[in-house]
Number of protein chains: 2
Amino acid sequence: MSRARGAGPADGGANDRPNRPTSRDVADRAGVSQATVSLVLRDRWHGRVSPGRAESVREAARALGYRPNLAARSLRLGQRRTALLVVPALTTEFFARVHSGAARMAAEHDIGVVLYPSPGGVGPAPDPFASASATVDGVIASSMAAEALTGLRDGGLPLVMLDSEPGLAPAVATVNPDIADGMRQVCAHLLRLGHRDVGHLAAAVDTWTFHARARVLAESLAGAGSARLVATEHSGLTVREATAAAERALRASPRPTALVCDDDVLAAGACKAARRMGLRVPQDLSVTGIDDLVLAAAVEPELTTVRLPAEEMGAAGLTALLSVLGGREAGNTLLPVELVCRGSTAAPPHVPGAASGR
Amino acid sequence: MSRARGAGPADGGANDRPNRPTSRDVADRAGVSQATVSLVLRDRWHGRVSPGRAESVREAARALGYRPNLAARSLRLGQRRTALLVVPALTTEFFARVHSGAARMAAEHDIGVVLYPSPGGVGPAPDPFASASATVDGVIASSMAAEALTGLRDGGLPLVMLDSEPGLAPAVATVNPDIADGMRQVCAHLLRLGHRDVGHLAAAVDTWTFHARARVLAESLAGAGSARLVATEHSGLTVREATAAAERALRASPRPTALVCDDDVLAAGACKAARRMGLRVPQDLSVTGIDDLVLAAAVEPELTTVRLPAEEMGAAGLTALLSVLGGREAGNTLLPVELVCRGSTAAPPHVPGAASGR
DNA sequence: ATGTCGAGGTACTACGTATAACCGCCGTGA
DNA sequence: TCACGGCGGTTATACGTAGTACCTCGACAT
């Protein structure tokens, strides 16, 4: 074994990689074989290696700052464990939280998560599979990033969809927040306050989730006899676009006394529009959001909103992926949501008897 | 070569991994050797492989959906290229944007980025180096995640610090927004509006950046003769804490007519506090933030704030890392910032002659 | 005295890719 | 006709880790 490693003093060029120590280096230092090092460090040595040697191996590993090379480890059959998380734009707080949940769960199972922010931003979109999928065992993707998934099918990778219709494809697991329940809670809340004329500020995103929201909202209102949907406006996901859309909605007649928004950012825009039109929130107009972002508690008044379990969605996505990776049936997970009542909802004008929004 | 692969029909157990095709499979299909496949697909075949064969190799690769296994590739000497991005909490819009920038730049250079959200959230913090550093070539870390870096030094990995004092450690590159310039612009803006008594709502984070902000703010005000810092309150990074801290600051005497906040979230909290105390923003109190988050344009009034180039910081961090990886000196990058004047600043009360905030 | 057994460890090989080294074949010039 | 060079590939090997098969040696039972 004459391999000359980084130990040599005054190595010539400046670009000499500081070659990380390998298990062989640890073995040399501890006076054992490489195999023994592997056994000890993988905790498979019980009854195979004497405790004294085991300790000296660990000692040597510590002294050298040895870390096993995951690439090499993953090379061994089927050991590679990496999930690809495809989200539309990580710059969004919501998806950042989804990632956070997935990452935490992944850490517990000692698997990696690599992110692919799908196109939509500026610049050329890198091909997620050219660079990443090689080491990827499965994909967790938001339906909002669906266009990035075109090249996926032939890959044959296990797939978990977030915010996507359950049962569309047999092999695809889904993870969804129980948005139907959320919408029903919102409607119940608004009806209890006395609202009858409700508007919907919908996200102009062609996604099952958003279609589902609209459908459930319409159904819930229709089911309540007295209430009705008097306006539906579509908007992009920025405050500016939302403000414009909300102004359109508020010019409907009869004017809605409550605006259900598909997103907290939209709700913030709606509040802005209301103020601009001389309406007070919540006295003249109630507004509800979805997500419960930081923003929801920062605006004035604070938003009544449906808290979506973003972290849990990430975690559940990873769990689902592990499940199909383990050969089990692709399941559909439904996560509970929670209505957070804050200051942006109250009884409509001219209905003084109803309960307070808070 | 009798290796039985996934092609067999009706393989027994359900858990049979759908073994991704390897370069050898492509070679078999194309009727060439594995080496030839590698040559063709790595574009090193000019003059070594006939165009016809090259095409049939590509054809076979396409048919099989072949993707090279990066882990195996990286096994070959020094080929691994992965950066570890250590941030305090990805759930924060700012760091999500930093990651986005880093990821985009990384994609251009065909290197990977793996995230390590440093402890601070709930649950046990996974050891970043036990799971990740093995395959990591360098680290980009926010100074807000400094506590996660304790185990790093002995690793001997190249390090790039975001938001950290330049020149502290010789081998460490730094990337900073030019916050000094930002603070000077804020001060100039406020002074031009006629403010004299300024308060500082500081982030209670023990970080060089925040110390630097306080220092530059004090200096800028002191340099302007007539102005002075009348209150400094420290706050956590949530709206709730910021509101409480801002209320304390607004009880100082003389009461500040402008509140400079270290963060947009803090600024939102300050606005909330002002409203609660019967003060109008911006007529009675001007408020400025830092970051230019989505939130800044969502609150009412919209925040005058210093836009920090989050994406650029991520990109610059990656560039810096590549630079030291390439053997060059560790440099210090300073990124320009921009004052975004919106509705939360105006002339102070009793100074009617000054220019408008917008 | 010798066979047996288990503890304690080593040799070897697979994993998938990249590349250096090599090698046959065919056209060509002497 | 034959040596030769280069074209068009192949063979072999390294990379770092995990794990299996094997090997050795001492203790103990027979």
Side-chain angles (χ1 to χ4, degrees), chain A residues 1-6 17 19-28 30-57 61 64 66-82 110 133-137, chain B residues 1-6 17 19-28 30-57 61 64 66-81 110 130 133-137:
Chain A
M1 214 58 47
S2 63
R3 205 155 48 105
R5 283 192 135 271
R17 282 289 187 96
N19 271 330
R20 212 194 307 293
T22 74
S23 61
R24 197 118 51 194
D25 297 326
V26 176
D28 290 351
V32 298
S33 75
Q34 176 267 328
T36 303
V37 172
S38 182
L39 287 175
V40 171
L41 266 38
R42 288 281 301 177
D43 229 21
R44 287 227 137 76
W45 59 280
H46 303 282
R48 322 256 313 132
V49 179
S50 60
R53 298 235 145 186
E55 185 47 45
S56 71
V57 165
L64 262 47
Y66 168 75
R67 306 288 174 178
N69 182 332
L70 277 198
R73 172 183 295 177
S74 74
L75 212 46
R76 286 203 51 78
L77 187 63
Q79 298 273 25
R80 54 197 147 77
R81 295 207 148 284
T82 306
D110 193 35
S133 100
T135 39
V136 156
D137 297 301
Chain B
M1 212 54 48
S2 64
R3 206 155 46 106
R5 283 192 135 276
R17 282 287 189 97
N19 272 329
R20 212 195 309 293
T22 73
S23 61
R24 198 119 49 196
D25 297 326
V26 177
D28 290 351
V32 298
S33 75
Q34 175 266 327
T36 304
V37 172
S38 182
L39 287 175
V40 170
L41 265 39
R42 289 281 299 176
D43 230 21
R44 288 227 136 77
W45 60 281
H46 303 282
R48 324 254 311 133
V49 178
S50 64
R53 296 239 148 182
E55 185 45 48
S56 72
V57 166
L64 261 47
Y66 168 75
R67 306 287 175 179
N69 181 332
L70 277 199
R73 172 183 295 175
S74 73
L75 212 47
R76 287 203 53 79
L77 189 63
Q79 299 272 25
R80 57 197 144 79
R81 294 207 147 283
D110 193 34
S133 103
T135 38
V136 156
D137 296 301

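First the proteins, then the strands, lettered A, B, ... as listed; each starts at 1. A quick note: this is a predicted structure, and the numbers were derived from the prediction, not measured.
- Closest to the side chain of B:R53, out of C:dC12, D:dA12, D:dG9, is D:dG9.
- Taking both residues in full, the closest heavy atoms of B:Q34 and B:A27 are given as N-CB, 3.6 Å, listed atom of the first, atom of the second, then distance.
- Taking 3.5 Å as the limit, the base of C:dA11 and the side chain of A:Q34 contain no donor-acceptor pair of atoms between them.
- Counting any heavy atom pair closer than 4.0 Å across all strands shown, B:V37 reaches no nucleic acid atom.
- Mapping A:R48 and A:S38 onto DNA chain D via the closest heavy atom, the residue that lands nearer the 5' end is A:S38.
- Using a 4.0 Å cut-off, no side-chain N or O of A:T36 falls inside it from OP1 or OP2 of C:dG8.
- If you take CZ of B:R42 and P of D:dG9, they are 20 Å apart, rounded to a whole angstrom.
- For B:S50, the side-chain atoms get nearest to D:dG9 when compared with the rest of D:dG9, C:dG9, C:dC12.
- When rounded to the nearest whole Å, the span between CZ of A:R24 and C1' of D:dT17 equals 9 Å.
- Remark: side-chain polar atoms of A:D28 are not paired, donor with acceptor, to backbone N or O of A:D25 under 3.5 angstrom.
- OP1 or OP2 of D:dT17 sits under 4.0 Å from a side-chain N or O of A:S23.
- Between A:H46 atom NE2 and C:dG9 atom C1' the separation is 16 Å, expressed in whole Å.
- Regarding B:W45, its CH2 atom lies at a distance of 12 Å from the C1' atom of D:dG8, rounded to whole Å.
- If you measure from atom CG of B:D25 to atom P of C:dG16, you get 8 Å, rounded to the nearest angstrom.
- The minimum heavy-atom distance between A:L64 and A:P21, with the atom names listed, is O-CG, 3.4 Å.
- Nearest-nucleotide assignment on DNA chain C puts the 5′-proximal partner with A:S33, out of B:L39 and A:S33.
- Atoms CG (A:L41) and P (D:dA18) sit 8 Å apart, rounded to a whole Å.
- In this structure the side chain of B:R53 never reaches within 4.5 angstrom of the side chain of B:T36, judged on heavy atoms.
- In this structure the side chain of A:W45 never reaches within 4.5 angstrom of the side chain of A:V57, judged on heavy atoms.
- One atom, CG of B:D43, and another, C1' of C:dT17, lie 16 Å apart when rounded to the nearest Å.
- For the pair B:R44 CZ and D:dC7 C1', the computed distance is 19 Å after rounding to whole Å.
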